[in-house]
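Heavy atoms only: backbone and side chains are in, while hydrogens, waters and symmetry mates are out. Convention: sequence-line order gives letters A, B, ...; per-chain numbering from 1.
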Protein chains: 2
Amino acid sequence: MTNISASKRKPGRPAKGGLEFGDTREALLRSGTELLTEKGFNSTGLDEILKRVNVPKGSFYHYFKNKEAYGCAVIDNYSQYFIKKLNSHLLNEEHPALDRLQAFMQDAMQGMEKYDYKRGCLIGNMTQELGSTNACYRDKLSKAFAIWQSLVADCLELAKQQGALAKDTDSTLLADFFWIGWEGAVMRSKLSRDNKPLELFSAQFFQLLPKP
Amino acid sequence: MTNISASKRKPGRPAKGGLEFGDTREALLRSGTELLTEKGFNSTGLDEILKRVNVPKGSFYHYFKNKEAYGCAVIDNYSQYFIKKLNSHLLNEEHPALDRLQAFMQDAMQGMEKYDYKRGCLIGNMTQELGSTNACYRDKLSKAFAIWQSLVADCLELAKQQGALAKDTDSTLLADFFWIGWEGAVMRSKLSRDNKPLELFSAQFFQLLPKP
DNA sequence: ACAATTCTAGACGATCAGTCTATAAATAAC
DNA sequence: GTTATTTATAGACTGATCGTCTAGAATTGT
């Protein structure tokens, strides 16, 4: 006898608030991403993360081993999201390669403005706060930067093929330089509460690109 | 009747451990500078700061109104120290202007290595952690960056006079760009635990300088 | 009815910034 | 030399908040 409507339901007590299966976990990750980006990891209490999505405290340790494991999951989650966002620009064949990078920066600036320059980049923030202490975070953050770097390097390689960059350009080096400076600019824009540092870095970066 | 040896002594109980006058306060600032730079403001407890210099808790609130005021004092203290350090290079008339900037960077890299890439820059760290929230900190941090920027700009102006830079160089713009990128590089070096990001930024920055 | 599974409820001890009262140790005034 | 004033120490205490854990409630499967 198969109950069609409930056949996919797992056994066990259902989650509060009508959330299904993995929904609670994802809701926790979402609220955590926002809060950790804005206030930092150590300054954000579990209570606040839980309250925001109306999940009881007892549930937290059902979904995550501890706060550190939760932090890792949040990083993974944000990393995936950010790679998609980055690629949505860098692989956009409607525009030449260099314009794509430009478009990503404009998009990021809008994001900064949208949240009143209070958030910035989770990866950058976590790097500053925990990069030099925690081993697990260090690894995840390094890998995130490595991927971003390679995506931008690919984009610069394409620009070379498109004749927008000099043939002898070291794309890898430039991509590294880009992310070093970009994260610095994000930080400074959080402080000045405007996009001037981001604009300044963007303009200078494009100016230093070796033209063919 | 004037007691020469004690005439400058204030009344009141002397500080513990043979410390004189403002020494205890300064000791608190020093231990705080180290700890706040390494672990961040919110993650550092007063107890730890106090224990390190063997000052009882009761004394803390004699010297500082609260933790926030203490944080401000630490920032002020570090700002002054850093300006001296920066000027010791940028005003060093034994070398041409651009070499002075180079020397500062080398010095900073040695500092990073000395503390196992765990500290970095207090101003940068505080900017990331508190720059977008606390008004008092925001003001102090912005001013610190503004001063640093003007010192580097002056140095670049001098380099122009010395014929090391093109006459139409925008020193202010370049100095801004320098600090944006440099703080980004410090952050990344904390993560990678080596000076590669700092070296990379340094090399690229000098390469992009418009030669005469 | 009973086991297995999933999620919740809230107690728990540790630690946090911050406060308070008491007092010790010095100088200054008389 | 006694007393007043000033400066700094001492550390118990509070209330809030932290991350963690154990017991049990709510569901499905047998």
Side-chain angles (χ1 to χ4, degrees), chain A residues 1-28 32 35-36 39-74 129-130 134, chain B residues 1-29 31-32 35-36 39-51 53-74 130 134:
Chain A
M1 203 132 63
T2 52
N3 185 333
I4 297 171
S5 69
S7 63
K8 281 163 192 166
R9 186 76 173 81
K10 288 183 292 185
R13 178 173 176 172
K16 206 171 146 189
L19 294 173
E20 287 290 328
F21 310 124
D23 283 5
T24 305
R25 195 185 135 97
E26 276 179 34
L28 285 172
L35 282 166
L36 297 197
K39 311 196 348 171
F41 182 75
N42 286 317
S43 304
T44 306
L46 293 183
D47 288 331
E48 196 177 353
I49 296 167
L50 294 162
K51 194 171 191 180
R52 189 172 277 219
V53 284
N54 200 31
V55 169
K57 194 164 193 174
S59 297
F60 183 84
Y61 287 86
H62 172 65
Y63 293 103
F64 303 98
K65 188 188 156 203
N66 51 32
K67 199 191 178 190
E68 186 189 356
Y70 173 70
C72 285
V74 169
E129 186 181 1
L130 308 161
N134 185 294
Chain B
M1 204 131 66
T2 53
N3 185 333
I4 297 171
S5 68
S7 65
K8 283 164 190 165
R9 186 75 173 82
K10 288 183 294 184
R13 178 175 175 170
K16 208 172 142 188
L19 296 172
E20 287 290 330
F21 309 124
D23 282 6
T24 304
R25 195 186 134 97
E26 277 179 32
L28 285 172
L29 288 179
S31 79
L35 283 166
L36 298 197
K39 313 195 348 170
F41 182 75
N42 287 318
S43 305
T44 306
L46 292 183
D47 291 331
E48 194 177 355
I49 296 168
L50 294 163
K51 195 171 190 178
V53 284
N54 200 30
V55 169
K57 195 162 196 173
S59 296
F60 182 87
Y61 287 89
H62 171 64
Y63 292 104
F64 303 98
K65 187 188 156 203
N66 51 30
K67 200 191 177 189
E68 186 189 354
Y70 173 71
C72 285
V74 169
L130 308 161
N134 185 295

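- Contact annotation: A:Lys57 side-chain N/O to C:dG10 OP1/OP2 distance is not under 4.0 Å.
- For the pair B:Lys65 NZ and C:dG18 C1', the computed distance is 12 Å after rounding to whole Å.
- For the residue pair B:Leu130 and B:Phe41, the shortest heavy atom distance occurs at CD1-CB, 3.7 Å.
- OP1 or OP2 of D:dA8 has at least one side-chain nitrogen or oxygen of B:His62 nearer than 4.0 Å.
- Atom CZ of A:Phe64 and atom C1' of C:dC7 are 14 Å apart (whole Å).
- Checked by atom type and distance alone, the side chain of A:Glu129 never pairs as donor or acceptor with a backbone atom of B:Gly40 at under 3.5 Å.
- Distances shown here put every side-chain N or O of A:Ser59 at or beyond 4.0 Å from the OP1 or OP2 atom of C:dC7.
- In this entry the distance linking CD of A:Glu68 with P of D:dG19 reads 13 Å, nearest Å.
- For the pair B:Asn42 and A:Asn42, the minimum side-chain heavy-atom distance is 4.5 Å or more.
- In this entry the distance linking CG of B:Leu28 with C1' of D:dA8 reads 12 Å, nearest Å.
- Following rounding to the nearest Å, A:Lys39 (NZ) and D:dC18 (C1') show an atom-to-atom distance of 13 Å.
- Here the nucleotide nearest the side chain of B:Tyr61, chosen from D:dC21, C:dA17, C:dT8, is C:dA17.
- Of all heavy-atom pairs spanning B:Phe60 and B:Leu46, the tightest one is CZ-CD2, 3.6 Å.
- In this structure, A:Lys67 places its NZ atom 15 Å from C1' of C:dA14, rounding to the nearest Å.
- Note on residues 54-67 of chain B: pairs passing salt bridge (Lys or Arg N to Asp or Glu O under 4.0 Å), not counting sequence neighbours, are B:Asp47-B:Lys57.
- We find that CZ of B:Phe60 is positioned 9 Å from C1' of C:dA17, with the value rounded to whole Å.
- A side-chain donor-acceptor contact under 3.5 Å links A:Tyr70 to the backbone of A:Gly32.
- Taking every heavy atom of residues 41-51 of chain B and every atom of DNA chain C, pairs under 4.0 Å involve B:Thr44, B:Gly45, B:Leu46, B:Asp47, by number.
- Checked options B:Leu50, B:Val55, B:Ile49; the residue passing with B:Val53 is B:Val55 (criterion: side-chain contact (heavy atoms from CB on, under 4.5 Å)).
- Between the P atom of C:dG18 and the OH atom of B:Tyr70 lies a distance of 13 Å, rounded to the nearest Å.
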